[in-house]
Amino acid sequence: MSNPISQGQNNKGFWSALAQSQSTNEFLKGLWKENPVFVQVLGMCPTLAVTNSARNGLAMGLATTFVLLMSNTLVSLLRKVIPRQVRIASYILIIATFVTLVDYAIQAISMELSKALGAFISLIVVNCVILGRAEAFASKNTVGRSIMDALGMGFGFVMALLALGSVRELLGYGSIFGLLVFPPVYQEWVIMILPAGGFFTLALWLFVFNWYKTHKKAL
Amino acid sequence: MNSATSTPPRIGSGRMITAMTATGALCALFIVLAYQGTLPRIEYLKAKALEKAIVEVIPGMTSQKVFRLQPDGTLQEVQEAAKDASLVYAGYDLKGNLAGVAIEASGMGFADVIRIIYGYNPATEQIIGFRVLESKETPGLGDKIEKDPAFLENFKTLPIVLSADKSRVQHRIVAVKHGKKEKAWELDGITGATISSRAVGNILGTSTEHIVPVLHKNLPLLENLAKQ
C-alpha cells in the first residue's frame with residue numbers, strides 16, 4: 001500500500017504538471033486569458049444576434065466550436081500542403097464546408113432550433129474567431145496543439161454566449177432554458193431580447209470580466 | 001516558420017491549382033455525404049411539422065386527403081404529398097365528414113417571408129385555425145404573430161364573406177389596429193407588431209380570395225371522396 005503523503009505529493013505533481021503542460025495552456029488560454037468574446041471581442045455578430053435565449057446561445061456556441069475544431073484540425077493537417085499564396089481561399093473553403101455540415105446536422109436534429117438560429121448558422125463562415133485561429137494558430141502548429149486551441153477557444157465562446165443568453169432570457173422572458181424563474185407577475189423587459197439588449201448585456205459582462213481581472217489580486 | 005509579412009517562397013501555378021482543387025474535392029465529398037446522410041431525417045421532420053400543423057388548424061380531423069390545385073381551377077387528388085405550393089389538405093372527422101381544408105400561404109413580413117397554414121371550413125365559411133410555419137420576425141415584437149393569445153383568438157372563427165354564388169370573396173380580410181376591429185372579417189392587430197400583423201392580414205386576404213372560391217367550386221369532390 002502506498003504512503004498517503006507521497007500519494008498526495010504525486011497527485012499534486014500530476015495537477016501541477018497538467019497545469020504547466022503546453023496542451024493545457026493552449027486549452028485554458030481560450031477559456032480565460034484570450035477569451036474570444038470577453039478579451040479579443042471577436043465574433044460579435046452571433047454574440048449579439050442569437051443570444052436572446054440561453055438555448056440559442058448554447059446551440060450557436062456548440063455549432064461554432066464544432067466548426068472551429070474541425071477546421072483547425074484540417075488546416076493543421078494540410079498546413080504543409082496548402083501554399084501560402086492560396087491559404088486564405090483554402091481556409092474559407094474548409095470553414096464553409098464544416099458550416100454546411102453543421103447546418104444540415106441542426107436541421108436534422110430540430111427544425112425549431114434551426115428556425116431559431118436562422119441565417120446566423122450560415123454566417124459562422126465569416127466568424128473571425130474561426131478564420132483567425134486557422135491563420136494565426138492552426139496553420140503554424142501541430143494537429144494536437146491546434147485541437148486544444150480550438151477546444152479552448154470554442155468552449156470560451158460557448159461560455160460567453162451562454163452568459164449573455166442566460167441574462168437576456170432571464171430579464172427578457174423571466175426564464176432560463178425555457179423554465180420560468182420569475183413569478184408570472186414579473187413584467188418582462190422586452191428590450192433585453194431586442195438587439196439593444198445584446199449590447200447592454202455585452203457591456204455588462206465586459207465590465208464584470210475586466211473588473212475581476214483588474215481586482216483579482218485584491219480579492 | 002514564415003511570418004505573415006515575410007515574402008512566401010515562389011511556387012508554380014500548377015501546385016497552387018492542384019492544392020485548391022484537391023481541397024475543393026475533399027470539401028465537396030464531405031458536403032455531399034452530409035447532405036445524403038441527413039436528407040431523409042430532414043424531410044421526415046418537415047413532413048412531421050406540416051402534419052402537426054394541419055391537425056392543429058383543422059380541429060376534429062382524424063384523416064386527410066391531399067389535393068393539387070390545377071391551373072384550370074380544379075382539384076386533383078394526389079397520393080404522395082411532394083413539396084408543392086399548390087397543395088391543399090382536406091381533413092375528415094371520424095364519421096367521414098369534411099372537417100376543414102388546410103391551406104399553405106406566404107408573403108412578405110417585416111424581416112423576411114412569413115409562411116403560414118390556415119384551416120378553412122367550407123360548411124361554416126370560416127377560418128378555423130392558423131399557424132405560422134416559418135418567420136424571421138423580430139423576437140419579442142413581430143414574433144407575437146405566433147404566440148399572442150389575443151391575436152390568435154382571431155382565427156378561431158374568422159368569417160370569409162362570399163358572394164351569393166360563392167364565386168368570389170366579397171370582403172377581403174384586413175388587419176386593423178388593436179382594439180379597432182368593427183367588421184367580422186377584420187383581424188384585430190397587435191400593438192408593437194403592426195407591420196407583421198398587417199402582413200398576416202395581407203397573406204390571408206390574398207390567399208382566401210384565390211383559394212376559397214375554388215374550394216366551393218370543388219366542394220362535391222372534397223365531400224364525396226370522404227364517403228368513398
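Proteins come first, then strands; the chains are lettered A, B, ... in the order of their sequence lines, and each starts at number 1.
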Which heavy atom in [X] sits nearest to a heavy atom in [Y], and how many Å separate them?
X         : Y        : result
Thr100(A) : Ile31(B) : CG2-CG2, 4.1 Å
Pro83(A)  : Ile11(B) : CB-CD1, 3.1 Å
Leu101(A) : Phe30(B) : CD1-O, 3.7 Å
Arg15(B)  : Lys80(A) : NH2-O, 3.5 Å
Val81(A)  : Ala19(B) : O-CB, 4.1 Å
Val86(A)  : Met16(B) : CG1-SD, 3.9 Å

Distance (rounded to the nearest 0.5 Å) between [X] [atom1] and [Y] [atom2]:
X         : Y         : atom1 : atom2 : result
Ile109(A) : Thr38(B)  : CD1   : OG1   : 10.0 Å
Ile82(A)  : Thr23(B)  : CD1   : OG1   : 4.5 Å
Leu45(B)  : Ser110(A) : CG    : OG    : 8.0 Å
Leu50(B)  : Met111(A) : CG    : CE    : 10.5 Å

Heavy atoms from other residues, nucleotides or ligands near [atom1] of [X] exceed 12 (cutoff 6.0 Å):
X         : atom1 : result
Phe199(A) : CZ    : no
Phe110(B) : CZ    : no
Arg198(B) : CZ    : no
Phe177(A) : CZ    : yes
Phe200(A) : CZ    : no

Contact origin within [X] toward chain A - heavy atom pairs under 4.5 Å:
X        : value
Leu29(B) : neither
Leu26(B) : side chain
Tyr44(B) : neither

Task: Under 3.5 Å: donor-acceptor pair, side chain of Arg41(B), backbone of Ala105(A) - done: no

Open item on the list: Taking side chain as everything from C-beta outward and backbone as N, CA, C, O, which of these in Ile191(A) sits under 4.5 Å from a heavy atom of chain B? Side chain, backbone, both or neither.
Closed with: neither

